Protein chains: 2
Amino acid sequence: MPIPLHFQITNDLRERLENGEWKAGDHFPGDKELMQVYGVSSTTIRRALDELVREGWLNRRPGKGTFVKKQYVETLGKLTGFFDQVRAKGYHPSSQLLRVSEVDIADFEEYELDVFNSKKLFLIEKVQMLDKEPTVLVKSFWPIEIGRQLANYNLIQEGTYEIAKGELGITLEEAQQYIYASLATAEEAKHLGVNEGAAVMVMKRLVFSQGEPVEFSINFYQADKYMYRVDLKNEMIQDGNGIIVVEN
Amino acid sequence: MPIPLHFQITNDLRERLENGEWKAGDHFPGDKELMQVYGVSSTTIRRALDELVREGWLNRRPGKGTFVKKQYVETLGKLTGFFDQVRAKGYHPSSQLLRVSEVDIADFEEYELDVFNSKKLFLIEKVQMLDKEPTVLVKSFWPIEIGRQLANYNLIQEGTYEIAKGELGITLEEAQQYIYASLATAEEAKHLGVNEGAAVMVMKRLVFSQGEPVEFSINFYQADKYMYRVDLKNEMIQDGNGIIVVEN
DNA sequence: AAGTGGTCTAGACCACTTA
DNA sequence: AAGTGGTCTAGACCACTTA
């Protein structure tokens, strides 16, 4: 059972939705019809469709049927992959390495690096460019052994996560991110090509593999050129959801 | 079938997890044991546990079992509800109304209000306070009819979403949010009690009900005092995920 | 009354882990 | 070999919608 049926069906239907086989508001095939077409049980069809609902492609209404959703803005399904999105718009991404070396966590006390239970980490620091315009300053910390392996690959052309997942076989299972606004320090301003004190959007991320922390990164984006997008469902929609108070 | 079994089981287990019945890293009861205890089928237990996995409480490993996750930071399950979070920390939230009236969308061309297909909307503008310190400036646009009904309630004490969901019976099914950094305008600075040009975090949100837009809001937070938290799973972890380029 | 999606059962078979 | 969670089936019953 290498590729689950529900997964194959989700991919097939998503592709057909992307190709415009149905238009926004169209009646989507009913569960029974899909069961016959794909020759699977109701459970499997349901699981495939639940995923497409989660991705924002479909609405399901008991008694009425399944409908293709109006795409007011880009769907989550289409959103993944910054570089793909950016290339599709005609930009040429590249990156410039600033540092690829072992570091002592004592030199980075401003970040929460103690979750790694190690005094030394491997730091990959780079500026990501779009059409030679600097867009993001990235500081990415990995456990020493993994960092050394990453350093053997072409970090300019390939994304670090793609190497970790594809070449090193590391599963990136989940991540917690914090996003906030700040003012550029002299160092950040220099790399982003803005003035010191300009507004920047900061994204901190802690990635877990097999339940253990595997990467901490902090990314600085030029404000007003980049946004972060989040999709919410049902009970997640509350006043101030996702917002947390920073304790001093 | 008013309250699904899987839902009841999820709630029961979540409560027991919150009460510390198992510690981080503990072996969680196996599926078969839970099936016996709750007297339900494997499918129902699986569905209940899948939800707890999604909320960040559990890890499941085929061949090994289900484990209680280390809580490196607050779990998503605990995160929901800004006011609850804030009250638990000893703050006293309140709000100050700035405007509660019908408006012409032509006066707000900087926002994407045309998705409502209406020239007039109802605007609720307020400053949210924590211990009398201004924290968020909120501009919340609703369809006229809904806005008029909301205006009949106590908008100072209660959250607008809580009134809409609880009193008006409006289901808030999904939302798309954009978060970015910016510099405070004179108006924003005055209400937030900061200097003009200070860094602010901006959150724009479009909420859907029954597939149709029901609220657009824009919230301004003082930078460095507030962060936005997002949790990612598996294939969502990519370079620059969630980041989108702002077209000029 | 007929059709829709939502919940649930009882059980089979699988890959993987540990012994 | 025994135990774990992951996938899938065939089918029952439910609430809801439309006619």
Side-chain angles (χ1 to χ4, degrees), chain A residues 1-13 22 25-69 169 171 173-174 209-212 233-235, chain B residues 1-13 22 25-69 169 171 173-174 209-212 233-235:
Chain A
M1 207 182 292
I3 302 171
L5 281 173
H6 67 83
F7 192 75
Q8 296 178 43
I9 294 170
T10 299
N11 287 339
D12 184 54
L13 291 173
W22 299 276
D26 273 9
H27 215 129
F28 197 74
D31 288 21
K32 272 167 194 155
E33 183 181 342
L34 292 171
M35 284 164 69
Q36 285 192 334
V37 171
Y38 286 102
V40 296
S41 72
S42 62
T43 315
T44 304
I45 286 298
R46 157 163 303 279
R47 187 141 177 205
L49 293 193
D50 280 352
E51 173 61 22
L52 292 172
V53 167
R54 212 184 58 79
E55 292 178 7
W57 288 102
L58 302 176
N59 269 329
R60 275 157 84 74
R61 308 214 173 283
K64 300 190 75 171
T66 303
F67 300 86
V68 179
K69 247 167 73 173
T171 58
E173 286 166 353
E174 52 202 316
S209 178
Q210 311 279 350
E212 293 297 321
K233 297 288 272 182
N234 301 311
E235 66 292 345
Chain B
M1 206 182 294
I3 302 170
L5 280 172
H6 68 82
F7 192 77
Q8 296 178 43
I9 295 170
T10 299
N11 287 340
D12 185 55
L13 291 172
W22 300 277
D26 273 9
H27 214 128
F28 197 74
D31 288 22
K32 273 167 194 155
E33 184 182 342
L34 292 172
M35 284 164 69
Q36 284 191 335
V37 172
Y38 287 103
V40 297
S41 71
S42 62
T43 316
T44 303
I45 286 298
R46 158 163 302 282
R47 187 141 179 205
L49 293 194
D50 280 351
E51 173 61 22
L52 292 172
V53 167
R54 210 184 59 78
E55 291 177 8
W57 290 101
L58 302 175
N59 268 328
R60 275 157 84 75
R61 308 213 173 284
K64 299 191 75 173
T66 303
F67 299 87
V68 178
K69 248 167 71 175
T171 58
E173 285 165 355
E174 52 202 317
S209 179
Q210 311 279 352
E212 293 296 321
K233 297 289 274 183
N234 300 312
E235 66 293 343

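Here the structure is a predicted model, which means the values were calculated and not measured. First the proteins, then the strands, lettered A, B, ... as listed; each starts at 1.
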### Query
Would A:Leu13 and A:Trp57 satisfy side-chain contact (heavy atoms from CB on, under 4.5 Å), going step by step from the backbone distance to the final call?
CA-CA 10 Å; A:Leu13 291 173; A:Trp57 288 102; over 6 Å; no
#### Entry: Derivation and outcome, side-chain contact (heavy atoms from CB on, under 4.5 Å), residues B:Gln36 and B:Glu33
CA-CA 5 Å; B:Gln36 284 191 335; B:Glu33 184 182 342; 5.7 Å; no
Could you list, one pair per line, each protein nitrogen or oxygen that sits under 3.5 Å from a nitrogen or oxygen of nucleotides 16-19 of chain D, together with the distance?
from: D:dT18; atom 1: OP1; to: A:Lys64; atom 2: NZ; distance (Å): 3.3

### Straight-line distance of A:Glu51 CD to A:Arg54 CZ, nearest 0.5 Å
4.5 Å
### Message
Measuring from atom CG of B:Asp50 to atom CG of B:Leu58, what distance do you get when rounded to the nearest 0.5 angstrom?
### Response
10.0 Å
### Query
At their closest point, which heavy atom of B:Trp22 faces which heavy atom of B:His27, and how far apart are they?
CD1-O, 4.2 Å
### Task
Go ahead and write out DNA chain C as dot-bracket, 5' to 3': ( ) for pairs within the strand, [ ] for ones crossing earlier pairs, | when the partner sits on another strand, dots for unpaired; Watson-Crick or G-U wobble, both distances under 3.5 Å.
||||||||||||||||||.
Just how far, in rounded Å, is [atom2] of [N] from [atom1] of [X]?
X       : N      : atom1 : atom2 : result
B:Leu5  : C:dT9  : CG    : C1'   : 11 Å
B:Leu58 : D:dG5  : CG    : C1'   : 13 Å
B:Ile3  : C:dG6  : CD1   : P     : 18 Å
A:His6  : D:dT9  : NE2   : P     : 11 Å
A:Arg60 : C:dG3  : CZ    : C1'   : 14 Å
B:Lys32 : C:dG11 : NZ    : P     : 13 Å
B:Phe7  : C:dG6  : CZ    : C1'   : 14 Å
A:Glu51 : D:dC8  : CD    : P     : 14 Å

### Query
Choosing from D:dT7, D:dT9, C:dG6, which nucleotide comes nearest the side chain of A:Val40?
D:dT9
#### Entry: Single hit among A:Thr10, A:Val68, A:Ile9 for side chain to side chain contact (heavy atoms under 4.5 Å, CB included) with A:Leu52
A:Thr10
### Message
With a 4.5 Å cut-off on side-chain heavy atoms, are B:Phe28 and B:Leu34 touching?
### Response
yes
### Query
Within a reach of under 6.0 Å around CD of A:Gln8, are more than 12 heavy atoms found that belong to other residues, nucleotides or ligands?
yes
#### Entry: Counterpart residues, side chain to side chain donor-acceptor pair (under 3.5 Å), relative to B:Arg60 (two or more places apart)
B:Asp31, B:Thr66
### Task
List for me each residue that meets side chain to side chain donor-acceptor pair (under 3.5 Å) alongside B:Asn11, sequence neighbours excluded, and say none if there are none.
B:Arg14
### Query
Residues in side-chain contact (heavy atoms from CB on, under 4.5 Å) with B:Ser41, at least two apart?
B:Thr43, B:Thr44
### Query
What residues in residues 41-49 of chain B put a non-hydrogen atom under 4.0 Å from any atom of DNA chain C?
B:Ser41, B:Ser42, B:Thr43, B:Thr44, B:Arg47
